[in-house]
Amino acid sequence: MASTTIQVPRETRDHLAELAKERGMSIGQLVEALAAEQPTAAQRAEQLAADREVVRQVIGLDISDEEFDRAPDILGNIYKIAADKARAARDSAA
C-alpha cells in the first residue's frame, strides 16, 4: 500500500507517537485505526440504509424512509431506561 506524509504540529506528532507506543504500533497504524473508527457521512448513510432494509425484511412491512424518520428513537429510549435503572440500583446499593 502506498503511504503519504501528513503534516501536523510537533506536539501532535509527539502525542500520536506516545499513543502508538502505548498500543505497540506505529504512528501510521494508529492513525489508520483511528480513521477506521470514524465512518464518513456516506458510510453512515449506507449503514442506516442497510439497517432499515434488515428491519423491513424482519418485520415483513414496507416502511418508508420518511416513516422511519418520524418514528421514535426506540433504541435510544431503551439505552436511557437501562442507564436510569443502573444508576438507581447503584444509588440504592450505596
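All values below come from the heavy atoms of this structure, side chains included, with hydrogens, waters and symmetry mates left out.
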Engineer: Determine whether V55 and F68 make a side-chain contact, defined as any pair of heavy atoms from C-beta on separated by less than 4.5 Å.
Structural biologist: yes
Engineer: Looking at I27 and A20, what are the two nearest heavy atoms and their distance?
Structural biologist: N-CB, 3.8 Å
Engineer: For S92, which residues count as a side-chain contact (heavy atoms from CB on, under 4.5 Å) partner, sequence neighbours excluded?
Structural biologist: none
Engineer: Which residues pass the side-chain contact (heavy atoms from CB on, under 4.5 Å) test with E67, sequence neighbours left out?
Structural biologist: I63, S64, R70
Engineer: Are L34 and L19 joined in one hydrophobic group, where the rule is that I, L, V, M, F, W and Y side chains link up if heavy atoms are under 4.5 Å apart?
Structural biologist: yes
Engineer: Just jot down the side-chain contact (heavy atoms from CB on, under 4.5 Å) partners of Q7, sequence neighbours excluded, or say none.
Structural biologist: none
Engineer: Counting only heavy atoms not in Q57, do more than 12 sit closer than 6.0 Å to its CD atom?
Structural biologist: yes
Engineer: Return each pair, listed once, that meets side-chain hydrogen bond (donor to acceptor under 3.5 Å, both in side chains) where at least one residue sits in residues 32-42; pairs must be two or more places apart or across chains.
Structural biologist: T40-Q43
Engineer: Can you list every side-chain hydrogen bond (donor to acceptor under 3.5 Å, both in side chains) pair that touches residues 82-91, not counting sequence neighbours?
Structural biologist: K80-D84, D84-R87
Engineer: Who pairs with E53 by salt bridge (Lys or Arg N to Asp or Glu O under 4.0 Å), at least two apart in sequence or on another chain?
Structural biologist: R56
Engineer: Holding to side-chain contact (heavy atoms from CB on, under 4.5 Å), I want the full list of residues that pass it with T12, two or more places apart in sequence or in another chain.
Structural biologist: V8, P9, L16
Engineer: Quick one: salt bridge (Lys or Arg N to Asp or Glu O under 4.0 Å) partners of R44, sequence neighbours excluded?
Structural biologist: none
Engineer: Name all pairs fulfilling the side-chain hydrogen bond (donor to acceptor under 3.5 Å, both in side chains) condition that reach into residues 14-23, sequence neighbours left out, sorted by first residue then second.
Structural biologist: none
